[in-house]
Number of protein chains: 2
Amino acid sequence: MSQRKARTVKPVAREARQVPMRDFSQSLPMALLRAREAVMRQFRPSLRQHGLTEQQWRILRALAAVDAIEVTELARVAFLLGPSLSRILRDLEARGLIQREADARDLRRGVLSISTKGLKLIAQVAPNSEAIYASIARRFGARKLAALHKMLDELERSMGSDVAFGGDTDE
Amino acid sequence: MSQRKARTVKPVAREARQVPMRDFSQSLPMALLRAREAVMRQFRPSLRQHGLTEQQWRILRALAAVDAIEVTELARVAFLLGPSLSRILRDLEARGLIQREADARDLRRGVLSISTKGLKLIAQVAPNSEAIYASIARRFGARKLAALHKMLDELERSMGSDVAFGGDTDE
DNA sequence: CGCAAAAACTTAACATGTTAATCATTCGCC
DNA sequence: GGCGAATGATTAACATGTTAAGTTTTTGCG
């Protein structure tokens, strides 16, 4: 037991593990992740039945709300990074769910719109999706839901669009 | 202008696009995603400087808080799916940041612990990370932050561990 | 004992997240 | 007009999310 080199790896002793960090349970990103996952777990099966991922669904919904939209603007609205959006658009276009053409005034810009087929798919998924949302609002409470939305919005605003703390650059 | 087949794809007319869905701005998953991203944007650069991803950091923190832990339990605590965890553990072990051995009583189970090297890395990152967290708490308000945590926890609980609404199975 | 079912991981396969690099087009300016 | 910088979008490369399938070891039980 007092050998200098143990045959099996031994955990570092508790006294040596004292690390200057708050507990995991107080991690804000973790709390947000857990809450979001709990909500998405309700929606995913329904979307999956229709062959859609969460992100694809976001894009279709965003397109259904407008006449046409540019790629960059869609990325902003659907909250997706450019590279992810590029890949998904390629797929959705191949499936005939969306249409795309170049902006005549600026050939760099792509203009997107939803297709009739895409609209039909939305019409199929929407009722179920709305029912799930209603169920969530009922269980959690519409009042509290509104309050939560407000706080999340405030949190986002208070972070600003920049990074607030540089810290030890160290190199 | 009255040709039956336009040479360029035309957006579906507005009247035909009326879809039975609430607006994007009221999407709870979207609000949670945006808030989380706003927060994570503060932490990512610091983690990145030390060659860590968000998930790797979660694992190291979780390991630092205990003597040793099984893979499945770590997945639960760090909120990662098994396959993701498997990959990350392989990488962290190769980098010497964690240790692993098999449970002598049940060879299926892997027992993990953080290494001295891992602890040193945590000690390097933690101060910056804590400073960022403090900055967030200060900007958003400690009171509001606690209230938000409470609501997120309640939301998660109200979703339950199951899916509450079956919906149109349809096939 | 022996063997089918369950449990704990891991691997596989494909979609998305994330940053950096690249490509094509347009803009600003001389 | 022409050319370097800026812009819009895509591609590349690697990490993780997500579901299904596979592997190894245990369990439960006839």
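Since we're looking at a predicted model, the values are computed, not measured.
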Could you tell me whether a side-chain N or O of A:Lys117 sits under 3.5 Å from a main-chain N or O of A:Arg95, the two making a donor and an acceptor?
yes
Closest nucleotide of DNA chain C for A:Asp91 versus for A:Arg105: which of these residues is on the 5' side?
A:Asp91
Starting at CZ of B:Phe79 and ending at P of D:dG17, how long is that distance when rounded to a whole Å?
10 Å
Among A:Arg34, A:Arg36, A:Arg139, which residue satisfies the salt bridge (Lys or Arg N to Asp or Glu O under 4.0 Å) criterion with B:Glu156?
A:Arg34
Do B:Trp57 and B:Ile122 come within less than 4.5 Å of each other through their side chains, counting heavy atoms only?
yes
Hey, which sits more toward the 5' end of DNA chain D by its nearest nucleotide, B:Ala104 or A:Arg48?
A:Arg48
Rounded to whole Å, CG of B:Leu33 lies from P of C:dT16 at a distance of 14 Å
Quick one: does A:Arg58's side chain have a donor or acceptor within less than 3.5 Å of a partner on A:Ala78's backbone?
yes
Side-chain donor or acceptor of B:Arg44 under 3.5 Å from a matching atom on the base of C:dG17?
no
Taking A:Ser46's backbone N and O only, do any of them form a donor-acceptor pair with A:Gln49's side chain (distance below 3.5 Å, no angle check)?
no
May I ask you to evaluate whether A:Arg90 reaches the phosphate of D:dT10, defined as a side-chain N or O under 4.0 Å from OP1 or OP2?
no
Whole-Å gap separating C1' (D:dG8) and CD1 (A:Ile69):
14 Å
Separation of D:dT16 atom P from B:Met40 atom CE, nearest Å, is 12 Å
Give each protein N/O atom lying under 3.5 Å from an N/O atom of nucleotides 6-10 of chain C, with the pair distance.
unit_1, atom_1, unit_2, atom_2, d
C:dA7, O4', B:Arg108, NH1, 3.4
C:dA7, N3, B:Arg108, NH1, 3.1
C:dA8, OP1, B:Arg109, NH1, 3.4
C:dA8, OP1, B:Arg109, NH2, 3.1
C:dA8, O3', B:Arg108, O, 3.4
C:dC9, OP1, B:Gly110, N, 2.5
C:dC9, OP2, B:Thr72, N, 3.1
C:dC9, OP2, B:Thr72, OG1, 2.5
C:dT10, OP1, B:Arg100, NH2, 2.8
C:dT10, OP2, B:Ser86, OG, 2.7
C:dT10, O5', B:Ser86, OG, 3.4

Is the shortest heavy-atom distance from the side chain of B:Phe79 to the side chain of A:Met30 under 4.5 Å?
yes
A:Leu47 CG to C:dT16 C1', straight-line distance once rounded to whole Å
15 Å
B:Lys150 atom NZ: more than 12 heavy-atom contacts under 6.0 Å
no
Whole angstroms only, please: what is the CZ-P distance between B:Phe43 and C:dG17?
21 Å
Contacting residues from residues 52-62 of chain B, given that a heavy atom lies under 4.0 angstrom of DNA chain C
none
Main chain of B:Asp67, side chain of B:Ser113: is a donor-acceptor contact present, judged purely on distance under 3.5 Å?
no
Length of the line joining B:Ile88:CD1 and C:dT11:P, which is rounded to integer Å
14 Å
Rounding to an integer number of Å, can you tell me how far B:Leu81 CG sits from D:dT16 P?
13 Å
Nearest atoms (heavy-atom pairs only) where B:Gln42 meets B:Ile132
O-CD1, 3.5 Å
